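These notes concern the structure reproduced below.
Residue numbers begin at 1 in each chain, while the letters A, B, ... track the order of the sequences. Side-chain atoms are counted along with the backbone in the values below, which use heavy atoms only and exclude waters and symmetry mates. Owing to the predicted nature of the structure, the values given are computational and were not obtained by experimental measurement.
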Number of protein chains: 2
Amino acid sequence: MSKGEDSRKEIVASALAMASEVGLEGVTIGALAERTGRSKSGLFAHFGSKEELQIAILDEAVDRFVSLVVSPALKEKRGLPRVRALFERWLAWARADFMPGGCIFMAATVELDDRPGPTRDRLVSSEKDWLGVLSGAAKIAVDEGHFRPDLDCDQFAFELYAIAHGYHTLARLFRDRASEKRARAAFDRLLRDATISTETRPSARPSAKHH
Amino acid sequence: MSKGEDSRKEIVASALAMASEVGLEGVTIGALAERTGRSKSGLFAHFGSKEELQIAILDEAVDRFVSLVVSPALKEKRGLPRVRALFERWLAWARADFMPGGCIFMAATVELDDRPGPTRDRLVSSEKDWLGVLSGAAKIAVDEGHFRPDLDCDQFAFELYAIAHGYHTLARLFRDRASEKRARAAFDRLLRDATISTETRPSARPSAKHH
DNA sequence: CTGACAATAGAACGATCGTTCGAAAAATCA
DNA sequence: TGATTTTTCGAACGATCGTTCTATTGTCAG
């Protein structure tokens with residue numbers, strides 16, 4: 001690896017940590033330069049614009065997310081074990097030490113939801129992918145017979161997403177461990193509901209088809 | 001009302017709208033002055049510091065939240081109707097036209113969770129209050145016999161909180177109406193679980209309760 | 001109408017923002 | 001090694017940041 005790639009990697013890693021604390025916009029060229037012991041212009045030359053730096057941060061985060069959350073979970077057995085792994089690793093991701101300010105995606109979502117542009121586009125597509133992974137994992141669990149056949153997998157993904165966001169928000173705001181227990185309890189309830197077949201519920205009839 | 005109070009109100013209202021789009025830190029004195037047709041220093045004099053302006057924004061948001069969400073819901077019948085009203089009004093709040101950038105509390109939470117100070121303290125206490133209202137409403141529903149007696153009301157509040165945050169996040173990120181349906185479905189599932197007593201869950205049994 | 005006081009404006013402050021440019025230093029290749 | 005390219009730096013740019021002054025305007029009671 002060339003020298004340039006090396007220092008770019010190092011800069012982006014530092015920028016990722018910084019962005020998790022102060023947001024993508026809060027990662028200032030000057031502050032990042034000082035943090036990494038470089039000159040403003042020397043650092044700036046690696047990216048060409050602040051927007052490119054922000055995209056580099058998001059790309060780095062996606063890479064790490066895939067290698068720390070998605071890939072390991074895909075090595076778990078298909079179905080319920082994989083769904084569990086995705087959830088557990090997601091929780092762990094949100095407290096990763098290289099993001100001392102919390103999940104960068106959740107921070108970026110709030111920051112970018114009103115600012116059209118390539119940075120936002122990158123975030124939207126990666127979040128869409130992630131929801132697809134969650135929904136797909138649920139679908140596999142259905143196929144494996146772990147979940148009920150009429151489960152709405154997109155709905156399952158939404159609720160999983162909501163639980164993780166609720167956990168993250170409250171854990172960071174109140175600085176306690178309680179919300180982790182709450183999140184796990186909510187996840188258990190979600191699993192219970194996905195597992196139990198519909199005919200055991202009052203108003204449901206044994207359905208053959210889903211979708 | 002004096003002239004000063006009048007313009008302060010007007011400034012804060014404009015600042016609230018702006019903060020929902022660009023965050024509390026993004027509300028710059030200069031931009032806000034131009035937006036409200038005033039001089040920087042004239043506007044600044046109303047607050048004395050940017051931090052005070054941010055607190056004023058949060059206070060204004062709390063006032064509106066109470067009068068648009070909490071108070072009306074408290075006029076609903078105790079128990080389930082009130083819980084429903086809190087949820088529905090919360091969803092509506094998140095799309096209020098005076099916050100074109102979405103819920104200010106959710107934006108502020110991400111922005112302030114790493115920045116200790118009076119602004120963060122204000123936010124934390126108001127979020128704690130809100131979770132207390134939700135939990136309390138669930139408790140009343142238990143007392144009224146609408147929810148099962150062994151319901152964990154704090155857990156209920158957490159899950160309601162998570163659903164609303166998931167809705168808000170995805171609605172703003174993907175700019176579609178789908179997440180509203182998802183949120184309502186998740187809420188229904190939450191209610192179903194809070195309603196059915198625990199002993200009916202493992203095995204199927206036609207319950208008497210429905211809404 | 002006048003005097004007191006509140007509200008707003010204008011100009012300027014040092015600091016920092018993202019960005020540009022040309023030169024020095026370091027790394028790479030012949 | 002010498003030549004060349006890549007990487008880094010220092011200085012400066014105009015713009016904007018929050019904030020502080022002083023001066024001017026507007027409001028309102030006596």
Here the distance between atom P of dA7(C) and atom CD1 of Ile11(B), to the nearest Å, is 11 Å

Is the backbone of Glu76(B) close enough, under 3.5 Å, to the side chain of Arg82(B) for a donor and an acceptor to pair up by distance?
-> yes

* Mind telling me whether Trp93(B) and Phe65(B) have parallel, tilted or perpendicular rings, with 30° and 60° as the class edges? => perpendicular

Whole-Å distance, Asp6(A) CG to dT6(D) P, equals 17 Å

From CZ of Phe47(B) across to P of dT20(D) the rounded distance in Å is 15 Å

Atom CZ of Arg38(A) and atom C1' of dA26(C) are separated, to the nearest Å, by 14 Å

Worksheet entry | Ring centres under 6.0 angstrom apart (Trp130(A), Phe105(A)) | no

Side chain of Gln155(B), backbone of Ala185(A): donor and acceptor closer than 3.5 Å?
no

Rounded to whole Å, NE2 of His46(B) lies from P of dA7(C) at a distance of 7 Å

Taken to the nearest 0.5 Å, the spacing of Leu191(A) CG from His146(A) NE2 works out to 12.0 Å

Interatomic distance, NE2@His165(B) vs CD1@Ile163(B), rounded to 0.5 Å, equals 11.5 Å

When pairs are called at under 3.5 Å and a stem needs at least three consecutive Watson-Crick or G-U pairs, the stems of DNA chain C are C:1-23 with D:8-30, C:25-29 with D:2-6

Can you tell me if Arg64(A) uses its side chain to pair, donor with acceptor, with the backbone of Val69(A) under 3.5 Å?
no

Rounded to the nearest 0.5 Å, the CD1 atom of Ile140(B) sits from the CG atom of Leu80(B) at a distance of 12.5 Å

Whole-Å distance, Leu43(B) CG to dT20(D) C1', equals 15 Å

With B for base contact, S for sugar-phosphate-only contact and - for none (protein heavy atoms under 4.0 Å), nucleotides 11-24 of chain C reads ------SBBBB---

